[in-house]
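Following: one structure in structure tokens, then a few remarks.
The chains referred to below are lettered A, B, ... by the order of the sequence lines, with proteins before strands, and numbering in each begins at 1.
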Amino acid sequence: MKKLYVNKHAITKIQTILIITVIVIAAIAGGLIYYFMTQPTQQVAQKTSIKIGFSISLSGVGAAAGTEQYRAYEIWRKWINEQGGIYVEEYKRKLSVEFIYYDDASEPARAASLYEKLIVEDKVDLLLAPWGTFIHLAIVPVIEKYKIPVVGNTAGVDIEKINELNTKYMFFTWPEPKTSAFSLTLFLEELNVKSVAILYAQTDFTVLNAKWNKQYIEEKGFADVVIYEGYPLEVTDVSGILLKVKDKNPEAVVVHSYPADAILVTSQMKELKINPKVFILGVGGQLLAYKQRFDDQTKEGVIAINNWHPDFYPESKELYNKYILEYGYNPPSHTLGLGWLSCLVLQQAIEKAGTLNPEKIREKLATETFNTPFGEVKFENQVNIKSLVVFDQWQEGDLKPVFVTKGSYPNVEKATEYKLAQLIFPKPEW
Amino acid sequence: MEITNIFFIIFLSLQIGLIYGLIALGFNLLYSSTRIINITYGDFITLSGYITFWLYSLYNISPFLSLGISSFFLILFTLPFFYILEKFVLSSKNILYIEIWGVIITFGFSIFLQGTMSYLWSAQSRSYAYLDNVIDFFGVSFLLNKFLTTIVAALLIFLLYFLLFKTNIGIMLRGVIQDPELASNLGLNMRKIFLIAFIISSFIASISGVLLSMSFEINPFMGSIYLILAFVIAVVGGIGNPLGSLISGILFGFVDVIISYTIGPSLKFFIIYSLLLLILIYRPWGLMGRGVRYA
């Protein structure tokens, strides 16, 4: 058997030098690789923008509202970038805002996978909310999984449902149905109406609003609910219900609409000459199509539920004026207000956290109070407990604020710090 | 129930029914003559609504004038649409091939049209106020625009009836619907008849778009609702029978309104689609249809 051994001449001097040279070159190469590998860390230090991702409904059922919401985001992005961006303490400088977004076609499943793509592939720093209640709910599992907070906006979810979600990362800013229904009840009580007809479109959000609205009126006992009826969303005619309303001749007609039916109900109320003292619409009464569909005389005195008004704060007026300049006239709809509110709350949370770390931003969102030109925001169990409910009335072709409440149910109270327009009461006949 | 309410219900049923019937008629006519299920049909209605909206908002052109202008544009738009379908689909003798590829191509067109309209005019809903005052007619009050819409729809239906049953074009068209093979063997110019079917269908979509835009808001994606409606009503009335679509449309209007008045609108769609299901089970060829023949 051949013995394996190392000959002392097995490695010559030249070979030794070669080996040492290779080791030195490898060490230098390793050092260089290490140096370049650490470059991204240096790039983070030189970070100039914050990548914010979202999906939005630019087609499908939510396209109309989704477009408005997307435009609100864009206006905020331009507005904040004009000021140099958002100041982030970690980088000791202002970082501009950059958007990465996709059309989710109003499909919840698509939105959920798009949010995952934004986080995993596009590696966005933070997220903004999609459009609509059901899409907000659809992305909750994704943001919980990746632990990135989202300040929601156009999602009207009942408090019980929010508790069931057991979410730590989705924050809800739109007054939940109990809150808006209670505000509406306070408003009707103040107007001292004695009979109310409540109609509602059959969607989760509007059904809940109507249900609580009826319950609170009955609990307070100041008026009788003489009609309480729903209709499907795709309805083309509601005159059957309206003839019953006409028969009862209530002092107030409240329609929890969503949103195309706002036009239908108004037009058939006019046709049937139903003239209550007060006529209130939910979603739809504050939108562009409504403004265009009726002349000023028809709209005069009609009330729509909202969450803000550009006359309340100069900053919100500034954003609103920028919007009009960029996209043409649009009434100050709830979609715009909620869109901006969510952007500003996220902006302030970043500033307060001084970092782009999602977990630290979430902590700030959960604990701090945010002063915005859309009212104060304070989250408790993921819900804004300071939310504003604004009742706008169409007066000479414009929406004017006539009644405001703040706080969430059961701590809703009339807000007196805002300058309001004189309420037209009773509403002029059609 | 007061007598004025009965008048109102009849008027409302007719108003809804005539428009529904009209929409279904245009859809049915094209399908039964060419075997193309035109998914773009609803988007033609939308496009016409937009033409009307812009003409009225920008130049204050009355929607009644738009009936003509919008029809002109839509027919113009139909020509290239027809040539593409003719070249790639209608040239086949296989009806199943025409049906399947017709759906695929028109579906593509539909997405393209919706996307273009959304890009050009945004997805935001729009509307306009035109003749929105209330008039009294036999003690019943109506919005003037609705009243005139109903009259225009009724007039158009008479015109179409005349065209289909009293003119040579109509007779040829119905000949093709009833027996395409025989019509072809008799030497009828099938290409010309197909083109006529396309033009009439687009004309109806255009008029419906103008009329609907006076009462409802417009957005780039609303066409799908009317497409489904047209499909359902055409199936109930019977594919291949234009009169069936009209009668089915009016019936649909009456059922729609009467359910809303009696049971309440919550169960409206449930009842209507249950009726549809029953009709499809017991008369799959529709109320007045003869069934579709596969060569």
Side-chain angles (χ1 to χ4, degrees), chain A residues 57-68 70-71 103 105-106 199-200 202 229-244 246-247 259-260 262-264 266-268 270-273 284 287-299 327-328 330 333 335 430, chain B residues 1-2 5 8-9 12-13 15-16 19-20 53 57 111 114-115 118-119 122-130 132-136 140-147 212 214-222 224-225 228-229 253 256-270:
Chain A
S57 305
L58 296 176
S59 56
V61 290
T67 302
E68 241 181 82
Y70 161 69
R71 289 171 168 182
D103 175 16
S106 314
L199 312 181
Y200 56 93
Q202 283 161 333
E229 272 205 57
Y231 50 83
L233 200 55
E234 302 82 2
V235 76
T236 47
D237 158 53
V238 283
S239 50
I241 300 181
L242 290 179
L243 278 178
K244 291 183 203 165
K246 189 174 183 173
D247 208 34
I263 287 181
L264 180 71
T266 307
S267 133
Q268 294 202 313
K270 181 178 170 180
E271 190 168 34
L272 292 166
K273 296 180 183 165
L287 298 181
L288 180 65
Y290 194 86
K291 155 102 181 160
Q292 291 173 333
R293 177 62 184 82
F294 302 107
D295 56 25
D296 291 353
Q297 195 190 335
T298 302
K299 286 195 292 280
Y327 299 112
N330 201 77
S333 68
T335 316
W430 299 108
Chain B
M1 188 182 279
E2 285 178 39
N5 284 359
F8 187 78
I9 290 172
L12 201 71
S13 309
Q15 188 226 343
I16 295 173
I19 290 269
Y20 285 178
F53 168 79
S57 308
I111 293 173
Q114 289 183 2
S118 169
Y119 177 75
S122 95
Q124 209 173 17
S125 297
R126 301 182 191 254
S127 196
Y128 58 88
Y130 180 70
D132 205 30
N133 39 321
V134 178
I135 54 157
D136 283 307
V140 191
S141 56
F142 304 111
L143 286 175
L144 185 55
N145 54 25
K146 263 192 190 175
F147 189 72
L212 287 165
M214 282 197 253
S215 296
F216 300 103
E217 53 179 66
I218 316 155
N219 69 63
F221 306 100
M222 70 176 199
S224 323
I225 300 167
I228 294 169
L229 207 66
D256 184 331
V257 173
I258 287 166
I259 293 173
S260 298
Y261 272 82
T262 48
I263 306 165
S266 316
L267 287 174
K268 188 172 84 176
F269 287 108
F270 171 75

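- Across all their heavy atoms, B/Asp132 and A/Phe294 have their closest contact at OD2-CD2, 3.3 Å.
- Interatomic distance, B/Tyr261 OH to A/Leu242 CG, rounded to the nearest 0.5 Å: 8.5 Å.
- The CD atom of A/Gln292 sits 6.5 Å away from atom CZ of B/Arg126, with the distance rounded to the nearest 0.5 Å.
- Contact of A/Leu287 with chain B is not made at all, since no heavy-atom distance falls under 4.5 Å.
- Rounding to the nearest 0.5 Å places CD1 of A/Ile241 at 7.5 Å from OG of B/Ser260.
- Between chain A and the residues B/Phe269, B/Phe53, B/Tyr130, the largest count of heavy-atom pairs under 4.5 Å involves B/Phe269.
- With rounding to the nearest 0.5 Å, the separation of CZ in B/Phe8 from CG in A/Leu243 is 6.5 Å.
- The minimum heavy-atom distance between B/Ala123 and A/Thr67, with the atom names listed, is CB-OG1, 3.2 Å.
- Side-chain atoms of B/Ser141 come within 3.5 Å of backbone atoms of A/Glu271 as a donor-acceptor pair (strictly under, hydrogens ignored).
- Within the model, atoms CZ of B/Phe216 and OG of A/Ser267 stand 8.0 Å from one another, a figure rounded to the nearest 0.5 Å.
- A/Asp237 and B/Gln15 form no side-chain donor-acceptor contact under 3.5 Å, judged by distance and modelled atom types alone.
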Next item on the list: Evaluate the criterion side-chain contact (heavy atoms from CB on, under 4.5 Å) for residue pair B/Gln124 and A/Tyr327; output intermediate values, then yes/no.
Entry: CA-CA 11 Å; B/Gln124 209 173 17; A/Tyr327 299 112; over 6 Å; no

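- Both the backbone and the side chain of A/Ser239 come within contact range of chain B, each with at least one heavy atom under 4.5 Å from a heavy atom of that chain.
- When heavy atoms are compared at a cutoff of 4.5 Å, A/Leu58 approaches chain B solely by way of its backbone atoms N, CA, C and O.
- Between A/Arg71 and B/Ser122 the shortest heavy-atom distance is NH2-CB, 3.1 Å.
- The heavy-atom pair separating B/Ala129 from A/Arg293 by the smallest distance is CB-O, 3.0 Å.
- Looking at A/Gln297, neither its backbone nor its side chain comes within 4.5 Å of chain B, counting heavy atoms on both sides.
- One distance of note links NZ of A/Lys270 with CG of B/Asn133; it measures 6.5 Å at 0.5 Å rounding.
- Contacts with chain B were tallied for A/Gly60, A/Ser57, A/Ala65; A/Gly60 has the most, counting heavy-atom pairs under 4.5 Å.
- With a threshold of 4.5 angstrom between heavy atoms, B/Ile16 approaches chain A through side-chain atoms but not through N, CA, C or O.
- Comparing A/Leu288, A/Thr236, A/Val235, A/Thr298 by how many heavy-atom pairs each has under 4.5 Å with chain B, the most go to A/Thr236.
- Ranked by heavy-atom pairs shorter than 4.5 Å toward chain A, the options B/Ser224, B/Ser118, B/Ser215 are led by B/Ser215.
- Using a 4.5 Å cut-off between heavy atoms, B/Tyr20 touches chain A through its side chain atoms alone.
- Heavy atoms closer than 4.5 Å to chain A are found nowhere in B/Met222, neither backbone nor side chain.
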